[in-house]
Amino acid sequence: MSNAITPPKKQRSSNIELLRILTMLGVIILHYNNADIGGGLKYVQNGSLNFHFLNILESVFICAVDLFVLITGYFMINTQKRSLIKPFKLLVQVIAFNLMIFFLLIIIGKKAFTLHGLLGTLLPANYFVVLYTALYFISPYINIAMKALNKKQLKYMIITLFLIFSVYAVAVDLLGEIKGDTILGLSSIGMYGSQNGYTIVNFAFMYTLGAYINICESDYIHISRIKLISYLAILVGVDSAWYLLFEYLHFCKGTAHSYLNPVVILMAVAVFFLFKKIDLGQNKVINTLAKGSFTVFLLHKEFLSRIRIESFVNKPLPILAAHILIAVIGIYLICWIVYFIYESITAPIYNLIEKKFPRVTYIVDSSITEKR
């Protein structure tokens, strides 16, 4: 996410920045549907036209988080430079917004002040931030390992990782869903299964996949837009059918929309290659809007619970579609304004820290000679 952990400052490609924006809008849509957040798929009439519409949207955007990490790997394979201040900024931003929301809810009478509640806001408990920070620090060593391999070795490595940590891991989860219970100790991810991709294993794999695409891009760039769109349509169809089949059979449907589902991972790859073929040059509006994507990620859930989703999901489809469109764009823009204010306040402070303490930035040395 662009105002999160990023490579050294360079001119940003607006096609990829647009992809960041669209994937963040996709995350909002996913949480619009999420039963525990927006509740779209919870409140919609099962089997209705609106149900199928929401399910298709879910399948289209389920690769959003994988895409964010893949983009990181694509760009950060080219740099060994890391800064201690960048993950620190992420964690501070999580805490700052936690505090802002906590006290705002108290002021408007939606929450009572408790010491326990206050202490809870001081913990940067956000799975994405924690895993992304961990990935940030280990990624230079992933880079070193990948640069020691030639293209053929890299290809076999990616296939091996894909089979072990995606295909096999999801197959175990799938077997558990059919069985009706988690199968302990059989997954390649952990004791209790794959956790639907919410693990450092999936983050590291998506980073590695993005880095591989950068290194071997010339081997795949010939794939046409038509083929990529066709592949994407097929993958979305397979994922939607997977979900509907398990809905019909009354099985748990977690694997269909798991971040490490091979179908979802392949969707992320297809979307990335598709956007790489779009030439937007340097678009200042797109690049500026993309900078606030991490703030959108942190704040959007607070708005989803307040836009009466349950009142719209069973309205005629055009009304539902309009509600989703207005909601996701409106939430993104409001969160971007918050980002702009926050960045205006904090940027001078962090710039001063970096000037006073230059050692917060370091380079993980690599003396490996690349042989392709």
Side-chain angles (χ1 to χ4, degrees), residues 1-2 4 6 12-33 54-77 128 132 158 161-162 166-167 170 196-197 202-203 205-243 256-280 283 286-287 289-290 293-294 296-297 324-325 328-329 332:
M1 300 181 184
S2 62
T6 53
R12 294 183 177 276
S13 301
S14 294
N15 55 340
I16 301 303
E17 297 307 292
L18 177 61
L19 180 56
R20 292 184 200 269
I21 294 171
L22 292 176
T23 49
M24 190 63 249
L25 294 176
V27 169
I28 299 174
I29 289 173
L30 293 176
H31 289 159
Y32 183 105
N33 289 340
L54 293 180
N55 180 47
I56 291 173
L57 287 181
E58 190 85 1
S59 294
V60 168
F61 291 108
I62 194 62
C63 65
V65 172
D66 283 352
L67 261 171
F68 276 125
V69 185
L70 185 148
I71 291 169
T72 300
Y74 181 86
F75 287 107
M76 291 192 73
I77 183 63
F128 185 91
Y132 208 72
I158 290 296
L161 293 175
F162 182 69
S166 176
V167 176
V170 167
N196 289 326
N202 194 56
F203 272 51
F205 174 64
M206 293 310 303
Y207 177 96
T208 304
L209 183 56
Y212 170 76
I213 290 172
N214 182 302
I215 295 169
C216 302
E217 188 170 7
S218 60
D219 296 339
Y220 303 98
I221 200 66
H222 65 278
I223 303 174
S224 68
R225 288 191 184 94
I226 297 298
K227 283 187 177 180
L228 288 170
I229 293 171
S230 299
Y231 294 153
L232 191 56
I234 292 170
L235 291 168
V236 169
V238 169
D239 188 74
S240 294
W242 186 331
Y243 182 92
H257 295 153
S258 168
Y259 293 151
L260 53 71
N261 184 329
V263 175
V264 174
I265 291 173
L266 292 174
M267 273 196 277
V269 173
V271 171
F272 182 78
F273 272 117
L274 188 60
F275 272 78
K276 281 289 290 179
K277 290 182 175 294
I278 300 173
D279 184 10
L280 296 176
N283 187 299
I286 291 174
N287 292 0
L289 286 173
S293 58
F294 180 67
V296 179
F297 180 79
I324 293 173
L325 183 64
V328 296
I329 293 176
Y332 193 103

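Residue numbers run from 1 in the order of the sequence given.
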Residue that, paired with Ser258, satisfies side-chain contact (heavy atoms from CB on, under 4.5 Å) out of Ile62, Asn196, Asn202:
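The single option meeting the side-chain contact (heavy atoms from CB on, under 4.5 Å) with Ser258 is Asn196.
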
Measure the [atom1]-[atom2] distance between [X] and [Y] for me, rounded to the nearest 0.5 Å.
X      : Y      : atom1 : atom2 : value
Ile16  : Phe275 : CD1   : CZ    : 8.5 Å
Phe75  : Ser13  : CZ    : OG    : 5.0 Å
Leu18  : Ile286 : CG    : CD1   : 5.0 Å
Ile229 : Ile226 : CD1   : CD1   : 5.0 Å
Cys216 : Ile221 : SG    : CD1   : 12.5 Å
Phe297 : His31  : CZ    : NE2   : 6.5 Å

Taking side chain to side chain donor-acceptor pair (under 3.5 Å) as the test, write out the residues that go with Asn55, two or more places apart.
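So Asn55 forms no side chain to side chain donor-acceptor pair (under 3.5 Å) with any residue.
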
Side chain to side chain donor-acceptor pair (under 3.5 Å) with Tyr259: which residues, sequence neighbours excluded?
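Side chain to side chain donor-acceptor pair (under 3.5 Å) list for Tyr259, sorted by chain: empty.
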
What pairs of residues pass the side-chain hydrogen bond (donor to acceptor under 3.5 Å, both in side chains) test when at least one of them lies in residues 229-242, not counting sequence neighbours?
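The answer is Ser59-Asp239, Ser59-Ser240, Asp239-His257, Trp242-Thr255.
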
Can you sort out the partners of [X] under ring-ring contact (aromatic ring centres under 6.0 Å, His included), two or more places apart, ordered by chain and number?
X      : answer
Tyr32  : His323
Phe205 : none
Tyr332 : none

Donor-acceptor list for residues 208-215 side chains, cut-off 3.5 Å, not counting sequence neighbours:
residue: Thr208; atom: OG1; partner: Ala204; partner atom: O; Å: 2.7
residue: Tyr212; atom: OH; partner: Tyr220; partner atom: OH; Å: 2.6
residue: Asn214; atom: ND2; partner: Tyr74; partner atom: O; Å: 2.6

Ignoring hydrogens and geometry, is there a side-chain-to-backbone donor-acceptor pair from [X] to [Y] under 3.5 Å?
X      : Y      : result
Asn15  : Leu280 : no
Asn33  : Leu54  : yes
Ser293 : Ile21  : no

In the structure I gave you, are the side-chain heavy atoms of Phe273 and Ile223 within less than 4.5 Å of one another anywhere?
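They are not in side-chain contact.
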
Measuring only between side-chain heavy atoms, which start at C-beta, is Phe68 closer than 4.5 Å to Met206?
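No, side chains not in contact.
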
Shortest non-hydrogen contact between [X] and [Y], atoms and distance:
X      : Y      : value
Tyr207 : Ile77  : OH-N, 3.9 Å
Glu17  : Ala290 : OE1-CB, 3.3 Å
Val264 : Asp66  : CG1-OD2, 3.6 Å

Run the side-chain contact (heavy atoms from CB on, under 4.5 Å) test against [X] and tell me which residues pass, sequence neighbours left out.
X      : answer
Val238 : Ile234, Val263
Ala64  : Thr23, Val27
Phe61  : Ile29, Leu30, Leu57

Could you list all the salt bridge (Lys or Arg N to Asp or Glu O under 4.0 Å) pairs where at least one residue sits in residues 221-232, not counting sequence neighbours?
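Not a single pair qualifies under salt bridge (Lys or Arg N to Asp or Glu O under 4.0 Å).
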
With salt bridge (Lys or Arg N to Asp or Glu O under 4.0 Å) as the rule and sequence neighbours excluded, what pairs involving residues 205-223 come up?
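Checked against salt bridge (Lys or Arg N to Asp or Glu O under 4.0 Å) - neighbours excluded - the pairs reaching residues 205-223 are Lys151-Asp219, Glu217-Lys276.
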
